[in-house]
6 protein chains.
Amino acid sequence: MTPVVIRTDKRAAASVIADLASLGVSTTHEAMGRLGLMKPYMRPIYAGARIAGNAVTVLAQPGDNWMVHVGIEQLKPGDVLVVACTADNTDGMFGDLLATSVMARGGIGLIIDAGVRDVRDLTQMGFPVWSRAISAKGTVKATPGSVNIPVVCAGALVHPGDVIVADDDGVVVVPRLAAATTAAVGRQREANEEDKRRRLAAGELGLDLYGMREALAKAGLVYRDEPDA
Amino acid sequence: MTPVVIRTDKRAAASVIADLASLGVSTTHEAMGRLGLMKPYMRPIYAGARIAGNAVTVLAQPGDNWMVHVGIEQLKPGDVLVVACTADNTDGMFGDLLATSVMARGGIGLIIDAGVRDVRDLTQMGFPVWSRAISAKGTVKATPGSVNIPVVCAGALVHPGDVIVADDDGVVVVPRLAAATTAAVGRQREANEEDKRRRLAAGELGLDLYGMREALAKAGLVYRDEPDA
Amino acid sequence: MTPVVIRTDKRAAASVIADLASLGVSTTHEAMGRLGLMKPYMRPIYAGARIAGNAVTVLAQPGDNWMVHVGIEQLKPGDVLVVACTADNTDGMFGDLLATSVMARGGIGLIIDAGVRDVRDLTQMGFPVWSRAISAKGTVKATPGSVNIPVVCAGALVHPGDVIVADDDGVVVVPRLAAATTAAVGRQREANEEDKRRRLAAGELGLDLYGMREALAKAGLVYRDEPDA
Amino acid sequence: MTPVVIRTDKRAAASVIADLASLGVSTTHEAMGRLGLMKPYMRPIYAGARIAGNAVTVLAQPGDNWMVHVGIEQLKPGDVLVVACTADNTDGMFGDLLATSVMARGGIGLIIDAGVRDVRDLTQMGFPVWSRAISAKGTVKATPGSVNIPVVCAGALVHPGDVIVADDDGVVVVPRLAAATTAAVGRQREANEEDKRRRLAAGELGLDLYGMREALAKAGLVYRDEPDA
Amino acid sequence: MTPVVIRTDKRAAASVIADLASLGVSTTHEAMGRLGLMKPYMRPIYAGARIAGNAVTVLAQPGDNWMVHVGIEQLKPGDVLVVACTADNTDGMFGDLLATSVMARGGIGLIIDAGVRDVRDLTQMGFPVWSRAISAKGTVKATPGSVNIPVVCAGALVHPGDVIVADDDGVVVVPRLAAATTAAVGRQREANEEDKRRRLAAGELGLDLYGMREALAKAGLVYRDEPDA
Amino acid sequence: MTPVVIRTDKRAAASVIADLASLGVSTTHEAMGRLGLMKPYMRPIYAGARIAGNAVTVLAQPGDNWMVHVGIEQLKPGDVLVVACTADNTDGMFGDLLATSVMARGGIGLIIDAGVRDVRDLTQMGFPVWSRAISAKGTVKATPGSVNIPVVCAGALVHPGDVIVADDDGVVVVPRLAAATTAAVGRQREANEEDKRRRLAAGELGLDLYGMREALAKAGLVYRDEPDA
């Protein structure tokens, strides 16, 4: 692999990104047709954050965070840094100094298929991170990788400029050209859910609300009373 | 397996359940003779919840939450929904709409050997869940399973009507007919602990409080002073 | 192995320990030359604690916490109890009664390569624990191990009297004789970081601050503009 | 738990067991309605063995193989020893001496949700074992468990006298009273497979053999030719 | 996701594929610039197989092998079936009947990020499989997925028509358009290795053969004789 | 950490090493008092090998095999190369060229807490390896580590010159100064086993051979006949 940095201006529209942030991960993932989700080992370092932004992608070597510095230069305001690794690794490739730099560039968060450290500081700074591990293990700066190439991060394919949505439920990737449609489908889905929520809260069963009884019977489901014993 | 729903009224007494809730998981597990504990990968989605209730059991297929809807209809006030899966799976089989439905039926919590989603909403609703994963991954409704049959959930055997106790330490299953005895043993154990706690806080050593020194010596334990070096 | 308890007075100086506590795990680990870190599966039971203290080491059998009682007697004020296990195990070998006893001896925390229970109580007591698991699983008191021998705990070698530093980033072990030097190096490092943080916050890039551009070019990194597509 | 040994003569019929052995794990599991399978981490120590026999169950403590000795006395010719553990453990609880003893009693194999050792000797003896790990780690004989009580082993419920079928595909548990029916269903299934195998080998597609095309179309599947690019 | 099957004739040249098969996975992966490798949990069901072929990709649901049947129809002689799953799953989605069908179509092997069964039969048939698990767990045929779309399989991106190389070292994916160049680079690399192998076998050190001593010294490596002790 | 290579002549006696090789891992581990065993994830790349030799230790960075080259120069005939890593890593840090070099120096095998590749070639060469993974993933040569310092490898402490014993049961470390005593204890243990094996094969139970019945009864074990049901 020739190490390369691709400079690109491709971004999704800000209003679409705002919509996806408001929908959150689970609704966006459904609106995507249940695709694009990262593996569930990706967890936030603190609860409650919800972000959406364009991906700047980094492909790094295990135990080496050199390319994270390179990637930060490519961030534009509102972007999310997405770090994939050429092999499974949990080293703490990112800490409070790098977060300071990301924030100075207008970056709004980090998705990293490796470890992160200084999590107490990051939490106090309000800088959200989704990672596979928390680890103080320091890294070297020895071998280049690439920035803004397509990467597989935590099992999901990410192109630079794709929209990353992340919250307590995980991280989902929305292809840039599908972002507007996905947001529209998601808003429609959310509207439908409001009515369902009201009816379910009133005691109506999903079995009836979704009309499942016939299909279940056809699939062979039977009901029996437990015999006295 | 013929998919089946067993309707049953078997429940443990409310006062016994209240006792077990107040004892919590670790004391109940000890009172059970150290049996009935689910694997420690079952974790609460938020800290501090402690519940006890009768189990309504669900056996579902991986990636398919159809039977959760079926199970909810069998809940009575105070019950706990227990979802096992025919294969290891982390998909988000349960979210805020289903929780709304469970609460409307009087259900008090969920134990699921799979994933859960909408955890921010569930936390705000105060609906406690113990799961093996948090994941936005959506599921299908295609293949029936069963409700209120005995299931193995996270390594523990659960019969419908067994009492589930869950808190920050994990999840323990108390067979229905053993619930009253377990509660009594647990209360006795707790009373004994109060005295021990007072004496340990005063500086008495467990070695003396429990009279371990002789047995340790008999088992071959020796004491040596470190040589100057 | 003959089970043995070594009585020792070897401790690092209190002022050095206080320095390491203030530096925290990630900085201490860097000051150590990136050595001595426990595996990242060691997690705190609650966020925000940061401790440093001399290690009293325990080697226990899986599912057996007898030696924890023995170890507590060897604690001096300010010490940290470090429990290793002869085989991977997640049982809850430690709970609120043992914590009461540790605190009565002046111990300030627990590092355990196994499980812990009563975490709600431990949190309310403000007793910090770093463990590989949370589990209510009770243990026996049947087979002796040793106290204050060198142990491998979560992948790190710990000698009695070494300084343990633990916070949200994990756990690091500083050999007793290296503690003063490590603290000095760490303080120097921290001082340097302050200036870097200020410059990064002002928008200066790490690429320039650390002078990486030349080395990256020499390593073959190239920049390309994305073609219009 | 009061440690107990249950003496029982309950066994399935030898001819049924022979049938199940000849069907193997995957066919038996299908004939069971896809239930009763142990987790796939249970692997044979050498390839090619296929056994079936009545279960003698052991519940042991982690790192303690005392009850294995107790269980061996309860074996009758043709039986399979099934060892569950009260907590996840990989210690080598069983080796060539115990295998010698099992074979002397007529036992035909071991299923153990823990570790095994002396695997070179066991292989030379032709003694098949399915385990979660291979480990030389020795165990103590300190704490009793039980023999011939129902146990959960590798996620499957096993009653004493149930038929265990094990081969390269894993381990499945057939309840004693369901064994004859399961064997009959399995033989029927196997007969059907022969015809299918012949037709598939001749190039007929499963899509046509099983008549799936209509259902797939109804489920929304569409076919498209890739555009030239 | 609209379930879709893409019909495509895109294949790499047979001679290039034969070259890659002869190079094997490790050399091909190096020739690719150390990209395209699947996670190391992908293991062959028997040792010694080495294959290369064009990928026909399948995206399936967890516990559902319906789309495997659909994918087989798209196989051409020499192709490799590559099955990805929308969520982590170890169920036995493929067995000897499906292998019979694949072989009848001229398919030469299976790569599956899930489980496989009937491994004894598959081994006897000489049908090579690389999978994440071996499991008898049966699957349903209920929910469609897609065939010949790009998939992420075991962490690697696979487009239909990419060349899959698999042997005892794992599985690597070579993009179709990069296949010829990769084969050429790999052959060159292999030629170089022959000379190195001869010199190393003669006792020359890698330190000298690769001229590493100066760079190591510059990187700070020092040599010391152990003091007598 | 200053990267350093320690040159040392410390070795255990050849006759002692030969004894330990003949005893194998499980007996040696018992003779050590059940200490010194590496984690059971360390597996041989092919079955049947059994080696013992003095350790030459390497501490490497994740994804970087530079120090393996450095370590090979320190090998003497009969030595075993032991590679630890500063962080969990599965990359293929070692292949057939390095094995050729090790063999040319008289080295007899490799223990590596990371990945290995070219396993088909290594098997044909008869070069035994115990590793945590098999992976084609290539590594860089960028950052120095150390050779012949004490390392923690797969959970076990290894000093240069310690005796490594490895076979199908795993890997055990015998401190150099304890090697002769361990071999003597092991031979004694093996002699005792011969008599036990003969008696067990004749049908005598371990319960009687080891006189366990009284202790079991004292520990509370009771026997019951299953009631007719």
Side-chain angles (χ1 to χ4, degrees), chain D residues 1-10 45-47 63 65-75 90-92 95-106 115-124 132-149 160-161, chain F residues 24-44 47-50 155 165-172 192-210 212-213 215-229:
Chain D
M1 175 184 65
T2 305
V4 64
V5 181
I6 305 292
R7 295 191 200 91
T8 176
D9 289 327
K10 284 183 184 159
I45 59 169
Y46 57 85
N65 73 347
W66 213 8
M67 295 313 287
V68 175
H69 290 273
V70 177
I72 289 173
E73 190 178 23
Q74 303 304 315
L75 288 170
T90 60
D91 294 353
D96 69 327
L97 284 182
L98 285 166
T100 300
S101 190
V102 168
M103 291 175 86
R105 308 291 292 182
V116 64
R117 62 183 185 175
D118 303 329
V119 295
R120 190 166 75 162
D121 295 328
L122 296 174
T123 302
Q124 284 168 357
R132 79 180 303 159
I134 292 170
S135 170
K137 176 69 171 61
T139 49
V140 299
K141 289 166 186 57
T143 310
S146 289
V147 170
N148 274 341
I149 64 168
Chain F
V25 171
S26 289
T27 300
T28 298
H29 162 67
E30 290 288 344
M32 283 276 293
R34 296 183 184 163
L35 291 178
L37 196 69
M38 291 192 186
K39 302 271 184 195
Y41 62 68
M42 295 294 283
R43 300 302 306 144
R50 174 172 288 182
V165 187
D167 64 17
D168 291 343
D169 285 354
V171 186
V172 70
N192 290 345
E193 285 200 349
E194 211 35 65
D195 178 58
K196 289 178 192 166
R197 185 173 291 110
R198 196 180 40 75
R199 291 167 66 182
L200 292 168
E204 191 172 344
L205 285 166
L207 289 175
D208 300 311
L209 177 59
Y210 302 106
M212 294 172 173
R213 293 191 191 272
L216 282 163
K218 192 175 299 178
L221 185 68
V222 297
Y223 285 77
R224 286 210 301 264
D225 291 316
E226 188 179 40
D228 298 333

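Reminder, nothing fancy here: chain letters follow the sequence lines and each chain counts from 1.
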- prompt: Does F/Glu194 pair with F/Arg197 as a salt bridge, N-O distance under 4.0 Å?
  reply: yes
message: Which one wins on heavy-atom pair count under 4.5 Å against chain F: D/Gly115, D/Ala142, D/Pro160, D/Gly138?
response: D/Gly138
- request: Return the set of residues passing side chain to side chain donor-acceptor pair (under 3.5 Å) with D/Asp121 (not counting sequence neighbours), or none when no residue passes.
  value: none
- prompt: Is chain D contacted by the side chain of F/Leu37, its backbone, both, or neither, given a heavy-atom distance below 4.5 Å?
  reply: side chain
query: When heavy-atom pairs shorter than 4.5 Å are enumerated against chain F, which of D/Asp9, D/Val4, D/Thr8, D/Val102 gives the highest number?
result: D/Val4
query: Can you list the steps and then say if D/Ile72 with D/Arg105 is a side chain to side chain contact (heavy atoms under 4.5 Å, CB included)?
result: CA-CA 8 Å; D/Ile72 289 173; D/Arg105 308 291 292 182; 3.7 Å; yes
Neighbour count >12 (heavy atoms, 6.0 Å) for atom CZ, F/Arg224: no
query: Non-hydrogen atoms of chain D under 4.5 Å away: do they reach the side chain of F/Tyr210, the backbone, both or neither?
result: side chain
field: By side chain to side chain donor-acceptor pair (under 3.5 Å) - contacts of D/Glu73 (at least two apart)
entry: F/Arg213
statement: Given F/Met38, F/Arg43, F/Met42, the one with more heavy-atom pairs under 4.5 angstrom with chain D than any other is F/Arg43
task: Heavy-atom distances under 4.5 Å only: say whether F/Glu30 touches chain D with side chain, backbone, both or neither.
output: side chain
message: Just so I understand: if I count every heavy-atom pair under 4.5 Å between each of F/Ala219, F/Ala47, F/Ser26, F/Pro40 and chain D, which residue has the most?
response: F/Ser26
task: Check whether any side-chain heavy atom of D/Asn148 sits under 4.5 Å from a side-chain heavy atom of D/Arg7, and report yes or no.
output: no
